[in-house]
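First comes the structure, then the notes that go with it.
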Amino acid sequence: MASITLTPTKQLSLESNATQTLSLLERCSRMEELKQIQAQMFKTGLVADTITVSRILTFCVSPKYGNLEYAQMVFDRVSRPNTFMYNTMIRGYSNHKEPEKAFLLYQQMLCHSVPHNSYTFPFLLKACSSLLAIEETKQIHAHVIKLGFGSEVFATNSLLHVYATSGSIKAARLLFDQVPERDTVSWNSMIDGYTKCGKMEIAHEFFKDMPTKNVISWTTMISGYVGAGMFNEALNLFHEMQIEGVKPDNVALASTLSACSHLGALDQGRWIHAYIDRIGVEIDPILGCVLIDMFAKCGDMEEALEVFRKVRKKEVSLWTAVISGFAIHGRGREALVWFDNMQKVGIRPNHITFTTILTACSHSGLVEEGKSLFESMDRVHKLSPTIEHYGCMVDLLGRAGFLREAMGLIEKMPVKPNAVVWGALLNACRMHKNVELGKKIGKFLIEEDPNHGGRYIHLASIHAVAGDWDRAVEARRQMKDRGVSKLPGCSAISLNGVVHEFLAGGQSHPQITDIYQMWDSIGERLEKEGYKPALGNLLLDLEDEANEMAINRHSERLAIAFGLLGTKPGTTIRIVKNLRVCEECHTVTKLISKIYDREIVMRDRTRFHLFRDGKCTCGDKW
DNA sequence: GTAGGGTTAG
């Protein structure tokens, strides 16, 4: 008796019949096995019946294997594919890289008069959704109605989802109001749609009004808040969810942790981490990444590494999260060690890993290492550098003072440099006081995008570095005159588990009078230590034109004053959100840490600073 | 005797 060997337990004898073939297909776990089974079927003269072909197609289009070419080959050899097979192929294409081909199959299906069933439209509309194809959606919508699927909840839900999340929220609303049957999925899609176009109040109305909420409803609303930058609202909603007794799953936890991470709400984040351990949720790579990111951003690399050790599936994203943690702490050497170790265990770095490791090198002054990594991207790893990587390199060279080399790199970039790349060079000009080049770039950037507030601020800061306050104020004034708005500076501080936010010029905090008084006394102490503010007074009189320049520092000073009020000497103050820690702020905070004997932790968009006893760990040389 | 096998939302 002849037989082929698949795996020791899976043998297919010549006598096997269709039923055995099916059970083999069911247990099949690799593409190779599938091909062997098919070869054997051919050899033994077994003709694949409808269900066997269906099984094969299902196997090939599953996201895990995704061998659509092979599925298409099998499909092409079926003389008259039935609805199921068409549906399966449409599903396959809609989930993978060529959603357009789903439309092609649908066309064939119509040509051959193969009937639809209730599965056809959800698959087809998924393709519309990934292509943001509103025109096609409208056409399919017409078919849904014409073919009598207008009251099928799956079909109408899929339509709702495409309209709501592809920029046609009004069409979604119209449909939502008229469909005969609505379920939780319909409501969830509406909430998702409204959060995606920034209509947070309406989204919340829907959320409040819906008859039954499930964990996805809660998560949609929470991640909607996170996407809109409303982190406190996100956290509050998570607490409400707990009170309602809805058990959060990994997605809900990841969204909430991301809110904690943005807010710097380390206490709440720790609570959720403990909760995850307590209820025994497995830390999947996504949850692992947000936990690592949160601890790293809040300053606790040890806890971040502890999480890394606990995650079973150590994917590239997890290693990258750790490397990113070292990067924001200016621990470039360790980042490099982890980058090497990751490859030693057979994990290949991707584009994001390179962005991260280049940032780490840049922030730690590891110029040679960065250059050699950048060069190795294409040569060793077969990854072509993107504009982000060029941006990192300009930043790396620029920070190290190689302005000409950075300029040269920009000139020979294969793609048009964007504002991020120029911004990196401009920042380098500011650091190294290259006023001439800085002014040129600053003006150029404003011409490119006159409505972008940040550009004016950049130019102003260059003039400020040169001590040319008149021009600096002028750049600010120009911005004001053109009606360009800038988001007000914002700082947040975490104290006893509560996050307090301060806006530049803000007066709304209940203890605002004490805070201003505190800052006055801080100012006196600082001046006694010999500190002289570069411009204007310390806290800034916001009415005073000359102080326009330093308005950014207003919010962080309110936060520090508040922190000093609420803590004792020898303890830690956490400024958990801040736009940028500038040179002035650095000097002031170093002094405060010494005079008031506090450890001050400060996080800006890219860095982590720990001020202790008049020093800072970030390693920046001003 | 003609089902079976596969759906939508974070």
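Chain naming here is simple, since letters A, B, ... match the order of the sequence lines and numbering starts at 1 in each.
Residues of residues 234-243 of chain A having a heavy atom closer than 4.0 Å to DNA chain B: none are found.
Within the structure, salt bridge (charged side-chain N to carboxylate O under 4.0 Å, His left out) pairs that include any residue of residues 237-263 of chain A do not occur (at least two apart or interchain). Within the structure, ring-ring contact (aromatic ring centres under 6.0 Å, His included) contacts touching residues 225-246 of chain A (residues at least two apart or in different chains) are A/Phe231-A/His262.
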### Task
Assign a letter to each nucleotide of nucleotides 3-10 of chain B from its 5' end: B, base within under 4.0 Å of a protein heavy atom; S, sugar-phosphate only; -, no contact.
-BBBBBBB

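Partners of A/Arg312 under the salt bridge (charged side-chain N to carboxylate O under 4.0 Å, His left out) rule, at least two apart in sequence or in another chain, are A/Glu282. Contacts of A/Asp76 classified as salt bridge (charged side-chain N to carboxylate O under 4.0 Å, His left out), with partners at least two apart in sequence or in another chain: none. Legend: residues meeting side chain to side chain contact (heavy atoms under 4.5 Å, CB included) with A/Ile216, ordered by chain and number and at least two apart, are A/Asn188, A/Asn214, A/Thr220. Not counting sequence neighbours, the partners of A/Val316 by the side chain to side chain contact (heavy atoms under 4.5 Å, CB included) test are A/Thr320, A/Met342, A/Ile347, A/Asn350, A/Thr353.
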Atom pairs and distances, donor-acceptor, side-chain atoms in residues 137-154 of chain A, under 3.5 Å, two or more places apart:
| from | atom 1 | to | atom 2 | distance (Å) |
| --- | --- | --- | --- | --- |
| A/Thr137 | OG1 | A/Ala133 | O | 2.5 |
| A/His141 | ND1 | A/Tyr163 | OH | 3.0 |
| A/His143 | ND1 | A/Tyr106 | OH | 2.7 |

